[in-house]
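Hydrogens, waters and symmetry mates play no part in the numbers below; they use all other heavy atoms, side chains included.
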Amino acid sequence: MIGEELETFFAPAARLSKEDVTQVSEELREEFLLPWFDAVPVSILVLNEHRQIVFSNNTFNELTEKQLEEIIGMRPGEALDCVHSNLVEAGCGCSSFCNTCGAANAIIKSMGGENDCQDCRLIRLVNDAEAPLDLQVFTKPVTFRDQQFVFLFAMDVSHELRLRYLNNTFYHGLINASGGLNTLTQMMEEDNENNPLFPLLATSSKRILRDVIFHNDLSAGEEGRLGAIKTSFNLPDFIDKLVEEECEIRNVQPLVVERKYECGDIHTDKRILGHVIRCMLVNALESLQDKCDVITLSAVTGESGRTVLTIENCGEIPENIAKHIFKRYISTKSPERGLGTYVIKLFTERYLDGNAEFSSQDGRTTFSIRLPK
């Protein structure tokens, strides 16, 4: 047994040596039925009592882009290159993030003798870039030759979740905006002299166009085909315009966003930065509370030339949500939402050459992006 002395924040750290796991693996592969698992188009793992892989089928091996011999002895997150699997020396299942991992919890439950099914949202490191992977994990305890194993079946549901989310959010927003547009048009037909309705009509039209562009850019951004066109523009003026527009849409006074600027022009992609700032601003506006009716937005250019844009609001994000911030479909508001923080990180780090950060403590939540010169 190795690793018993290593620090763990969730599951036991101890594991068998590579040689011992390989021996068990070779014995299992002699079983008549096991090779049939390679014909199944779903990832299948057999784990020992230390959560180590003693068998994986071809579907899982292709997902990891590793050979079976390399995978044997690893834990699932290690084989999948989960970004949290190497945070502590004890490996997969042992970091402070692992207690909210669906796969880790399902495995632990089955090690206790129960079947389980949970959603697992991973962030993998693929070719030095972070990539999300959404799995539905089924686990079942099995006793074989007086040894305890866990069978794990994993289905990639990324496409299904993505499609469902886009359908819900995109069409919901489109229907609301077009419904408002239709209502205003009808009112204008009844009273043609009521010209003040025209600005409202223009706002609704602008919102429809903005939402369509956002979802189109998000789809292109995830597929790596979004082109960034960088220009120079005045950042405070740009932010002020975004704040005015978003507050008008949500029927709140722009004064709820207290702005502090120590910057001037910035050279970046204006449209993509607009998506990022809107996501940050929407998160803050939707978190407004009676006891705290002010959001603080600051933009500062430091001596290094990097511009730091920060939005702070009242309230803390629950710990179980905070551990998954910047993943897809993670939200404190609804299971049908949760792309805002994911978009912030995706656009900032992949297309604006910056980085995104957040903190939630002492009754405050802060999101920040750092942009290059």
Side-chain angles (χ1 to χ4, degrees), residues 168-185 187 194-215 218 234-261 263 270-271 273-300 309-318 321 325 330-334 336-344 347 356 358-360 362-369:
N168 288 336
T169 58
F170 177 67
Y171 288 112
H172 178 76
L174 189 59
I175 289 171
N176 282 347
S178 60
L181 188 62
N182 182 61
T183 300
L184 288 172
T185 303
M187 294 173 65
N194 193 5
N195 290 330
L197 289 174
F198 280 100
L200 298 177
L201 182 62
T203 298
S204 294
S205 301
K206 186 184 298 183
R207 184 179 180 184
I208 290 176
L209 180 60
R210 187 198 70 181
D211 287 350
V212 172
I213 292 174
F214 171 79
H215 285 283
L218 177 55
N234 185 268
L235 185 57
D237 290 346
F238 181 64
I239 294 174
D240 284 342
K241 183 178 179 181
L242 292 179
V243 170
E244 297 285 338
E245 289 178 354
E246 200 59 47
C247 287
E248 182 180 8
I249 288 172
R250 297 180 179 279
N251 197 29
V252 297
Q253 292 296 321
L255 293 177
V256 303
V257 184
E258 183 179 282
R259 284 153 274 178
K260 302 176 182 178
Y261 300 127
C263 61
K270 196 172 188 178
R271 187 182 74 256
L273 179 60
H275 293 327
V276 173
I277 295 175
R278 283 194 189 95
C279 287
M280 296 171 67
L281 188 59
V282 167
N283 278 346
L285 287 171
E286 291 184 345
S287 299
L288 281 175
Q289 304 174 23
D290 293 337
K291 62 182 179 181
C292 177
D293 57 356
V294 175
I295 295 166
T296 301
L297 187 157
S298 66
V300 178
L309 195 153
T310 301
I311 294 183
E312 181 181 286
N313 59 272
C314 272
E316 290 186 35
I317 299 174
I321 299 294
I325 286 296
I330 297 299
S331 172
T332 59
K333 304 172 185 69
S334 165
E336 302 297 332
R337 306 183 59 183
L339 273 186
T341 61
Y342 168 72
V343 167
I344 292 169
F347 283 164
F358 97 101
S359 65
S360 188
D362 300 327
R364 306 287 293 179
T365 294
T366 302
F367 281 89
S368 300
I369 60 170

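Going from atom CD of Gln253 over to atom SG of Cys247 covers 8.5 Å, rounded to the nearest 0.5 Å. Atom CG of Asp240 is separated from atom CZ of Arg259 by 5.0 Å, given to the nearest 0.5 angstrom. The line from CD of Glu258 to OG of Ser298 is 10.0 Å long, rounded to the nearest 0.5 Å. To the nearest 0.5 Å, atoms CD1 (Ile239) and CG (Leu297) are separated by 5.5 Å. One distance of note links CD of Glu286 with CG of Leu281; it measures 10.0 Å at 0.5 Å rounding. Annotation: the span from Ile295 atom CD1 to Ser287 atom OG amounts to 8.0 Å, rounded to 0.5 Å.
With 3.5 Å as the limit, one finds no donor-acceptor pair spanning the side chains of Asp237 and Tyr261. Side-chain polar atoms of Glu312 and Thr296 form no donor-acceptor pair below 3.5 angstrom.
Under the 3.5 Å distance criterion, the side-chain polar atoms of Ser360 are matched with a main-chain donor or acceptor of Ile317. Side-chain atoms of Thr365 never come within 3.5 Å of backbone atoms of Asn313 as a donor-acceptor pair (strictly under, hydrogens ignored).
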(Q) Assess the residue pair Glu245 and Arg210 against the criterion (side-chain contact (heavy atoms from CB on, under 4.5 Å)); give the C-alpha distance rounded to whole Å, side-chain angles, the decisive distance to 0.1 Å, and a yes or no. (A) CA-CA 11 Å; Glu245 289 178 354; Arg210 187 198 70 181; 5.5 Å; no
**Q.** side-chain contact (heavy atoms from CB on, under 4.5 Å) between Tyr342 and Ile325, intermediate numbers included
**A.** CA-CA 7 Å; Tyr342 168 72; Ile325 286 296; over 6 Å; no
Q: Test Thr366 against Ile311 for side-chain contact (heavy atoms from CB on, under 4.5 Å), laying out the working first.
A: CA-CA 6 Å; Thr366 302; Ile311 294 183; over 6 Å; no
Q: Would you check, one step at a time, whether the test side-chain contact (heavy atoms from CB on, under 4.5 Å) holds for Val252 with Val257?
A: CA-CA 10 Å; Val252 297; Val257 184; over 6 Å; no
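Considering only heavy atoms from C-beta on, Asn283 comes within 4.5 Å of Thr341 through its side chain. Looking only at side-chain heavy atoms (C-beta outward), Val276 and Ile344 come within less than 4.5 Å of each other. Proximity of Leu242 to Arg278: side-chain heavy atoms (C-beta onward) are separated by under 4.5 Å at one or more points. Using a 4.5 Å heavy-atom threshold, the side chains of Cys263 and Pro236 count as touching. The shortest distance between side-chain heavy atoms of Glu246 and Leu285 falls below 4.5 Å. Considering only heavy atoms from C-beta on, Leu273 comes within 4.5 Å of Leu235 through its side chain.
Nearest approach of Phe238 to Gly274, heavy atoms of both residues: CZ-CA, 3.8 Å. A pairwise comparison of heavy atoms in Val243 and Pro254 identifies CG1-O, 4.4 Å as the closest pair.
Below 30°, between 30° and 60°, or above 60°: for Phe347 and His275 the angle between ring planes is between 30° and 60°, a tilted geometry.
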